[in-house]
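Here the structure is a predicted model, which means the values were calculated and not measured. Just so we're on the same page: letters track the sequence lines, and every chain starts at 1.
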Amino acid sequence: MIGANGAGKSTLLRTLAGLHQPAAGSIHFAGREITHLPTHARVALGIALVPEGRRLFPSLTLEENLLVGARRSSAWTVSRVMELFPWMGARRRQLTLNLSGGEQQGVAIGRALMAGPRVLLLDELSLGLSPAAVRRIYDLLPSLLAEGMAILLVEQDVTQALRVSDLAHCLLEGRITLSGRPRDLSPEQVEAAYFGLAARA
Amino acid sequence: MSVRVTRSRRPATWSGLASALVFVALLSLPYLVFANVTSLLVNLFILLVLATMWNLLAGYAGLVSVGQQAYLGLGAYTVLVLAQNGVNPFLAIPVAIAFCAVAALPISLLVFRLRNEYFAIGTWVVAEAFQLITVRFPQLGGGTGASLPGLGGFDPALRQAFTYWAALAVLAATLLAAYLLLRSRLGLDLTAIRDDEVGARSVGVQPARAKRIVYLIAAAGAGGAGALIIISQLNVQAASVFSVQWSAYMIFVAVIGGVGTIEGPILGTILFFTLQQSLAERGAWYLIIVGTVAVLVAMYAPRGLWGAISDRFDLRLFPTGYWLHPQGSSPGGLLARLLRRER
Amino acid sequence: MAWLNAVVQGILLGGLYALFACGLSLLFGVMRVVNLAHGDFAVLAAYLGLAVITGLHVPLLWSTLAVAPLFAVVGYLVQRLIIQRSLEVSPLTTLLVTFGLSVVLQNAMLEGFSANSHSLPSGWLAAGSFRLTPQLSIGHFSLIVFAAAVVVIVSLQLFLSRARLGRQIRATADDAEAASIAGTDVRHVFGIAAAIAFATVALAGLAFGGYSSFDPGAGTQRLIFAFEAVVIGGVGSLWGTLLGGVVLGVSQALGAQVDSGFGVLAGHLVFLAVLAIRPRGLLPGRVT
């Protein structure tokens, strides 16, 4: 899901996660209507959000941050998350305040994985991270997809997003202006949809 | 889009005239009715002064105080001390008001260190401390109370008339002060702080200073009410004048009437007072009922009775905000309502 | 020796204040709510204790087994039905609502139980004491109350740091929205926190009833003492709360030693002095 600032990408993800009520329409997941389901119940169904700005718990240790997300039915455990992020093992008892932005993003993803999601909603994954950290996080995505979960990625960094996704949507002022497989979309089409040039013409 | 901005709409112009008429009518009341009516009104005025000042604190400055009775007592005892030293109690009222404002400054330095939620109990502790200090002075009557000297020479009817006029003067000054304050730059600052404190700071508003000024004014108002209490009752007792019951009264009146408007406490006071007269002999039940109503109003109709009325009829008696009249649309139209600076 | 006795009694009294303060501290720490009806609920617990003790002919200690769980349920319901709703209106609304609740509760108790004061018969506990010297003795009951305060604080600490629910409570206190996207039912967690807080309020109320006599209006002062203990000790720290309770208790006991009417005022003055000199308290918590 790509789009300019203020296109409504984060609002869309937050609405799917249950943090906003939609003004109109309904949300269905796995054949079930979940429009009025509270956030925590959606997590139980398998929808996990990695929010913009990470939103870790500052007074909890790294491991405790992961454990808050834990569910009994989930196949993910602290040790499995730590296999994915080997650096965590040595720092499990530290507060997350002192971690770098990329490491914090890792903890946020790990916390969401602990719930055993069927759909992972990733909001502005690259925001505020160094290029190296962005690459490391993105390199992770194929292994998550291989687990069988779907990922809905919201990203301002268009090149990065198109590189990893099977299906891209461009959002402009709350509406989808372009959809398709990244390899079928020309840069001009994407640019027009992104900036709303087609609408103006 | 061009928009015309005005302070008031027609109802407010009329209400200014009406307020003047009501004031003149109230002024002449001692010549028209018996003293039992005016002494009843004195109590109503005291309550209205307290509720208006509490509303200024909580509804505009966001300072929920449960300890305004500290200044109520301070005002009453200031009048007592001055009268004991030969000052006419009526002349002592303005001194008590000024003294409370001055005393509130050092107190504010202490209680403002507590964040919003704890500020409430902090002010309560101050009131309790004031009471405990007061009862330690035998010259102030200790715990049993003291009677007010200096009014023995007055003819009772004349004394009651003077008391009534004093109460009316304090009330008029309170309402006028609240009205002018909210229309001033400070009122604008307070609204900005209420809406977004960080945003207000960024355009140069000083929240601590604005809130402190309101706190001092509210203390002065409570002091005036306290001065009126001792003069109308001719005696004072620490346990009653420093009682948290006063906070209950002012909070319930303001909440039920409507926090954040000048009209709300007036409506609330009239309602509260009428209920009090009819339920007086029921004792504790009265506060149980009024307290329950206040809780329900705070939870389900946070803008109170006046909020409901003014929304329904687009009515403002004391215009402290602005009206926008977009050209080509009726003044009370949907757009105006959307654009109106509103809580 | 009289002074030493005052200090010892003050420390023990501090345990009672700390017990009162735990619930206030917990509710504020987790949901930024100051429950102004805190003291009145404690007095209500004392009345319930009286009913259980005289009705079932059980000692004070056993009555806690009935009153504390009942209060946990009351706390959960008060949170879900009243406080949650007011929190959603605005944070300041919780003050108005809990203050209204306090006035209603006080007057309802006045109607129901009359203005007469009562005290809880604590049986052999009240009578017994360790006599250390002719002037210095420690009552069994005040020792048990102090021990109860320490046990409550230690178990609260352990629960918050070790238990899954405790971790969820801390996460919710940090960032309620983030907790909800991590799968936590925030309202339920708030309810649990309130249930725990109310259970400690019940213990404090029963201990208070065994310590001294109470009447429907006694709650106001209980709230204020609890609050003073929290602020003196430092907001956000349970051990600080115990220290704050002890400092308050000792100040009051020493003040009363100077002049019998000076005790409570001395406590207020120490509180105001701490506010002036160390506004963050003696042992401020990590998170404030």
Practice problem: Tell me, for B:Ile133 versus chain C, whether the close heavy atoms (under 4.5 Å) come from the side chain, the backbone, both or neither. | Solution: both

Quiz item: Under the 3.5 angstrom rule, does the side chain of B:Gln237 hit a backbone N or O of B:Gly143 as a donor-acceptor pair?
Solution: yes

Practice problem: Mind ranking C:Val231, C:Asp259, C:Leu36 by heavy-atom pairs under 4.5 Å with chain B and telling me who comes out on top? | Solution: C:Asp259

Quiz prompt | Structural part of B:Phe252 lying under 4.5 Å from a heavy atom of chain C | solution = side chain

Quiz item: Between C:Thr94, C:Val33, C:Ile82, which has the largest tally of heavy atom pairs under 4.5 Å with chain B?
Solution: C:Ile82

Self-check item: Heavy-atom contact with chain C under 4.5 Å, split by part of B:Val255
Solution: side chain

Exercise. Quick one: which of B:Ile121, B:Ile251, B:Val126 has the most heavy-atom pairs under 4.5 Å with chain C, could you say?
Key: B:Ile121

Quiz prompt | Aromatic plane relationship, B:Tyr249 with B:Phe272 - under 30° parallel, 30 to 60° tilted, over 60° perpendicular | solution = perpendicular

Quiz prompt | Heavy-atom proximity to chain B below 4.5 Å, by part of C:Leu105 | solution = neither

Quiz prompt | Rounded distance [0.5 Å steps], CG in C:Leu95 versus OG in B:Ser65 | solution = 10.5 Å

Practice problem: Check whether C:Leu110 gets within reach of chain B through its side chain, its backbone, both or neither, counting any heavy atom under 4.5 Å. | Solution: side chain

Self-check item: Interface moiety of C:Val264 toward chain B, non-hydrogen atoms closer than 4.5 Å
Solution: both

Quiz item: Distance from B:Tyr71 atom OH to B:Thr123 atom OG1, nearest 0.5 Å?
Solution: 8.5 Å

Quiz prompt | Most contacts with chain B, counted as non-hydrogen pairs under 4.5 angstrom, among C:Leu269, C:Leu101, C:Leu96 | solution = C:Leu96

Practice problem: Answer yes or no: is there a side-chain heavy-atom contact under 4.5 Å between B:Gln206 and B:Arg201? | Solution: no

Exercise. Would you confirm whether the ring centroid of C:Phe227 sits within less than 6.0 angstrom of the ring centroid of C:His38?
Key: no

Quiz prompt | Atom group of B:Ala120 that falls short of 4.5 Å from chain C, counting heavy atoms | solution = side chain

Practice problem: Against chain B, label C:Val89 side chain, backbone, both or neither, depending on which of its atoms sit under 4.5 Å from a heavy atom there. | Solution: side chain

Practice problem: Name the member of B:Leu114, B:Ile289, B:Val244 that forms the most heavy-atom pairs with chain C at distances under 4.5 Å. | Solution: B:Leu114

Exercise. Below 4.5 Å from any heavy atom of chain C, which atoms of B:Val295 appear? Answer side chain, backbone, both or neither.
Key: both

Practice problem: With a 4.5 angstrom heavy-atom cut-off, could you sort out which part of B:Ile288 is near chain C: side chain, backbone, both or neither? | Solution: both

Practice problem: Sort C:Glu88 into side chain, backbone, both or neither according to what part of it lies under 4.5 angstrom from a heavy atom of chain B. | Solution: neither

Quiz item: Aromatic ring centroids of B:Phe112 and B:Tyr215 under 6.0 Å?
Solution: yes

Quiz prompt | B:Val290, part contacting chain C, at a heavy-atom distance under 4.5 Å | solution = neither

Practice problem: For this output row, return yes or no: ring centroids of C:Phe198 and C:Tyr76 closer than 6.0 angstrom. | Solution: no

Quiz item: In this structure, are over 12 heavy atoms from other groups packed under 6.0 Å from B:Arg136 atom CZ?
Solution: yes

Quiz item: In terms of heavy-atom proximity below 4.5 Å to chain B, should C:Leu87 be classed as side chain, backbone, both, or neither?
Solution: neither

Quiz prompt | Residue part contacting chain C, namely of B:Glu128, when any heavy atom lies under 4.5 Å | solution = both

Self-check item: Cation-pi check, C:Arg222 onto C:Phe208 ring (under 6.0 Å, within 45° of axis)
Solution: yes

Quiz item: Which bit of C:Phe271 is near chain B, if near means a heavy-atom gap under 4.5 Å: side chain, backbone, both or neither?
Solution: side chain

Quiz prompt | Choice from B:Val66, B:Leu296, B:Leu287 maximising heavy atom contacts with chain C below 4.5 Å | solution = B:Leu287

Exercise. Find the distance between CG (C:Leu282) and OG (C:Ser237) and round it off to the nearest 0.5 Å.
Key: 9.5 Å

Practice problem: Would you check if B:Leu105 and B:Arg212 make a side-chain contact, meaning some heavy-atom pair closer than 4.5 Å? | Solution: yes

Self-check item: is_close_aromatic(C:Phe20, C:Phe225), centroid dist under 6.0 Å
Solution: no

